[in-house]
Structures are given as C-alpha cells and as structure tokens.
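The block underneath contains the structure these notes are about, expressed in structure tokens.
Given the structure is predicted, the values throughout are model-derived calculations rather than measurements.
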Protein chains: 2
Amino acid sequence: MGEFITRGYDATSMEDLSRAAGITKSSFYHHFAGKDALLRAALERALDGLFAILDEPAATTGSPLARLRYIVRGQVTVLQHDLPYVTLLLRVRGNTESERWALERRRAFDAQIASLVLAAVEAGEIRAGVEPALAARLLSGLVNSIVEWYRPGRTELPDDVVRAVFDGILPAAG
Amino acid sequence: MGEFITRGYDATSMEDLSRAAGITKSSFYHHFAGKDALLRAALERALDGLFAILDEPAATTGSPLARLRYIVRGQVTVLQHDLPYVTLLLRVRGNTESERWALERRRAFDAQIASLVLAAVEAGEIRAGVEPALAARLLSGLVNSIVEWYRPGRTELPDDVVRAVFDGILPAAG
DNA sequence: GTCTATAAATCGATAGAC
DNA sequence: GTCTATCGATTTATAGAC
C-alpha cells in the first residue's frame, strides 16, 4: 500500500509489493486477487470515509455555513486517518474501470461541497469575493493538497485548515 | 505530451505516444531520444517558467506582501500558459533521476515562497492566523490544485486566485 | 501458505531495409 | 523519415510441487 504512494500505482509492480510484504510474488497472489483488486479496495475505503462525513447529523442539519465548516473539518480528519487511501484516490487518472468508478464518486462528493458553498453564499453567510463554483474548487484543492506533505502527529490541523479557509490563508494585518 | 497528462507518465507507453503522433514507434524514436528525455524536457520547461517569475523586478523589490502577491499571480499565469508541463511536474514521484532532479527544484521554489510568507508575517503585513509554514503549504497547494480542473479561456483567474488567497476563500459576510 | 518455474503479453529501445 | 522485425527485460498472473 505504502508502495503505491511512494512510487505511484502504475510504477509499482506486484514484485515490488510482494518483496515489501516479505514473501514471493506467487505467495502474494494467494492473498490478493490481483493488482486492480488492491487498488479497488483502497479506493473504496477512501471514498467510504469521505461519504460517511456527509451522512453525519452535523452535516445535514443547521445553516449551510455551519454544515460546510463541519464537513471541511471532517474531510481533513479522514485525510489524516486514512492518508494512504485518500492519497491514492486523489492520484487516480481513470485508466481502468475501478479508477473511472472512483473518479465518478469523487466528482459526486465535490459536487455536494460545491452546492453547499453556493447555498451559503445565497443565504448571505459568506461573501462572494470570487465565483462560488471557483471558491468550491479552490477549497477542495487546498484540502486535498494536504496529502502531499502531511505526516502523522499534527492534531490541530483540522481546526487550522478551517481557520485558513474561512478567515483567509494570508489575511491582511490590522 | 497530452498523453502523459491523461493517462499518467508511467501508464503511457512509447507505443501510445507514437500512435498519437500518427507514426510507428520506430519512427517516433527517430525524433526523440527516449521516454525519459521527453519527460525531462517537459519538466525543464515547467521549472524554467516558474523560476523566471522569481527573477522579475516586481518579485525582488518592494514589500514582502507585494512581492508575494506578484509571485502568486505569476504562478497562476505560468500554470495557464504551460498547463501540461506544470501538470506533469506536479505529478512526479521521484522514480528516475530526472524526476528526483525536478522534485528538488520544486522544493527550492516552494521554499522561496515559504520564506516570503514568513517575511510578510514578520513585517506585520499579514496576520498569522495559522503558522506561516502551514499557510505557505496551503497556499502552494491551492495554487497547484488548479491544474486538476483548469481549461483555457478563464483570463481573470490570476486575479481571482490572488483575491481568494489574501481576502479568504470563503470570507464571512458583512 | 510458501515456494520454483513459467506462460503470455507488453515494455523501452534498436537493427537495418527502403 | 518511415517502416517491419525483433531483442532483452519486465509485466501480471498461473501451474503445480511441498
């Protein structure tokens, strides 16, 4: 799994994976159906974690802004907890059926965020400094980019990210 | 080139590239030294474009905040102009010597941004709502994430991004 | 459950005719 | 410059002994 992250899915061979597991390639095939099955399981785990946030009570009740803050915070938490799986999800290009399935579900998740951003703007809770659809994309991009550098132990990260998103990454002093 | 973007570098074969060019694989090798040479040239182009921003007068004179705003704006402009090259750069994992070279130069670029963020905070020009090093990472992540969805034609994007970064992606209303 | 051996396909790259 | 043909290595995956 960690092999997929460091080298990339396509550049990682079953030989690489089995060696990392300390067994031969044949033995490795005894435990896992194949390369795509491994990928599929990892993508499912990441997507299940993300969609679970949307079903929580705090994500379905209250003002659009409060729900949005809760979801962003939860998104960072899932990213922390399932880092390798979410990382893999965010790097999928759509080369196989499993990858295309994951891309579609990811798009559905992002669309829910985008519609919530729009609702918060229309409710007058946040300012529309930039187009709501653009704001939603930049928001998702900022959150997702965390997988590129996060290492376990930074417990205050979710709150910091929420602050950066809603108060400004680099707000003017004064 | 576009093949590397849609399928990923590792999942794209020389056969794929030559077919896209309308010639056989052998003929393709007559024009290009090999797969790594293609990657290397693309990465160089992306990095040259990014580092060129740092050498411009507006990026080396004036207050840290003004320089930072100029660089962020320029970064988005380079990303728009050299989209496939920058996209490739941001997806490199470090599997070959060329990739490791590119990763190192990218880190040097990000480090310059980070030190400028720190200078702006210490000069009292921006607030330190979050740790400056974290703010710099989120800033780079937000900007880089644009390659995931940008399509030509959105000329006002650099200004919008600067606004989102310095005024807040989703600032509170009022 | 682990191994050796190997199949069948594909990979990056080259030889050499035209 | 383009082609057919092919090399040698590597790929995913399987067969079958222990």
Report task. Could you give me the CA-CA distance, side-chain angles and deciding distance for A:Arg19 and A:Glu15, then say whether salt bridge (charged side-chain N to carboxylate O under 4.0 Å, His left out) is met? Result -> CA-CA 6 Å; A:Arg19 197 184 309 114; A:Glu15 174 75 36; 3.7 Å; yes

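- The 5' end of DNA chain D is approached more closely, in terms of each residue's nearest nucleotide, by B:Ile23 than by the other of B:Ile23 and A:Asp36.
- B:Ser18 comes within contact range of no nucleotide atom at all, as no heavy-atom separation falls under 4.0 Å.
- Atom CD in B:Glu15 sits roughly 16 Å away from atom C1' in D:dT11 (whole-Å rounding).
- Rounded to whole angstrom, the span from the NZ atom of B:Lys35 across to the P atom of C:dT10 amounts to 15 Å.
- Checking side-chain atoms of A:Gln80 against main-chain N and O of A:Arg154 turns up a donor-acceptor pair under 3.5 Å.
- A heavy atom lying under 4.0 Å from DNA chain D marks the following residues of residues 24-34 of chain B, by number: B:Thr24, B:Ser26, B:Ser27, B:His30, B:His31.
- Note on residues 34-70 of chain A: pairs passing ring pair (Phe, Tyr, Trp, His ring centres under 6.0 Å), not counting sequence neighbours, are A:Phe51-A:Phe109.
- The main-chain N or O of B:Asp110 is never found under 3.5 Å from a side-chain atom of B:Arg137 such that the two would form a donor-acceptor pair.
- We find that CG of B:Leu17 is positioned 17 Å from P of C:dT10, with the value rounded to whole Å.
- Look at CG on B:Asp10: it is 18 Å from P on C:dT10, rounded to the nearest Å.
- The stretch residues 163-174 of chain A participates, sequence neighbours left out, in these side-chain hydrogen bond (donor to acceptor under 3.5 Å, both in side chains) pairs: A:Asp160-A:Arg163.
- For the pair B:Leu39 CG and C:dC11 P, the interatomic distance rounds to 17 Å; values are reported in whole Å.
- A:Lys35 forms no cation-pi arrangement with A:Phe4, by the criterion of a distance under 6.0 Å to the ring centre and an angle within 45° of the ring axis.
- One can place CE of B:Met14 at 15 Å from P of D:dC3, the figure rounded to the nearest angstrom.
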